[in-house]
Amino acid sequence: MKFRPLHDRVLVRRVETEEKTAGGIIIPDTAQEKPSEGVIVAAGTGVRRDDGSVVALELKAGDRVLFGKWGGTEVKIDGEDLLIMKESDILGVIEGAAPKGKKKK
């Protein structure tokens, strides 16, 4: 299934953090916080102004982003847990960072 967010919304896949501390202690799933880092899967066309013009989004598919802990709406698409949120809910883009951790399934 293909999904395209509307207007100023983006579809985000959470990126899992390590399940083990630097000292080697394994953190159980119940004690882990939800990651606030993700990758943009799809982005809408942009915000429509009052005069009818459309301002394109700064985000694009593949951008690695940070967002608030409670941001977005959780959805399940093709069996994968994803988030839909407004571009304004994104705190920033991580540039030049190598991917760390693993993606959540």
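Numbering starts at 1 and runs along the sequence shown.
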- Message: Before you tell me yes or no, could you show the steps for Asp8 and Leu57 under side chain to side chain contact (heavy atoms under 4.5 Å, CB included), namely the whole-Å CA-CA distance, both residues' side-chain angles and the distance that decides it to 0.1 Å?
- Response: CA-CA 7 Å; Asp8 64 336; Leu57 299 181; 4.0 Å; yes
- Task: Nearest 0.5 Å please: distance from the CG atom of Leu59 over to the CD1 atom of Ile90.
- Result: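 So the CG of Leu59 and the CD1 of Ile90 are separated by 6.0 Å.
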- Can you measure from CD1 (Ile84) to CD (Glu74) and round to the nearest 0.5 angstrom?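 So the CD1 of Ile84 and the CD of Glu74 are separated by 11.0 Å.
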Taking the side chain as C-beta and beyond, is there a heavy-atom pair between [X] and [Y] under 4.5 Å?
X	Y	result
Asp81	Arg14	no
Leu83	Val75	no
Ile77	Leu11	yes
Val65	Leu91	no
Leu6	Arg4	yes

- Item | With sequence neighbours excluded, residues passing salt bridge (charged side-chain N to carboxylate O under 4.0 Å, His left out) with Asp63 |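 Asp63: salt bridge (charged side-chain N to carboxylate O under 4.0 Å, His left out) contacts with Lys60.
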- Query: Hey, is the main chain of Glu58 close enough, under 3.5 Å, to the side chain of Glu87 for a donor-acceptor pair?
  - Reply: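 Yes, Glu87 side chain to Glu58 backbone: donor-acceptor pair under 3.5 Å.
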- When you check the gap from the basic side-chain N to the acidic O, do Arg64 and Glu37 get nearer than 4.0 Å?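 Salt bridge present between Arg64 and Glu37.
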- For the residue pair Phe3 and Ala42, what are the closest heavy atoms and their distance?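 Of all heavy-atom pairs spanning Phe3 and Ala42, the closest is O-CB, 3.9 Å.
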- Item | Nearest atoms (heavy-atom pairs only) where Gly72 meets Asp89 |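 Where Gly72 meets Asp89 most closely, the heavy atoms are N-OD2, 4.5 Å.
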- Task: For side chain to side chain contact (heavy atoms under 4.5 Å, CB included), just list the numbers for Leu82 and Val12, CA-CA rounded to whole Å, side-chain angles, deciding distance to a tenth of an Å, and then say yes or no.
- Result: CA-CA 6 Å; Leu82 301 168; Val12 179; over 6 Å; no
For residues 46-56, run the donor-acceptor check on the side chains, cut-off 3.5 Å, and write out each pair with its distance to 0.1 Å, sequence neighbours left out.
{"unit_1": "Arg48", "atom_1": "NH1", "unit_2": "Gly52", "atom_2": "O", "d": "3.0"}
{"unit_1": "Asp51", "atom_1": "OD1", "unit_2": "Ser53", "atom_2": "N", "d": "3.0"}
{"unit_1": "Asp51", "atom_1": "OD1", "unit_2": "Ser53", "atom_2": "OG", "d": "2.8"}

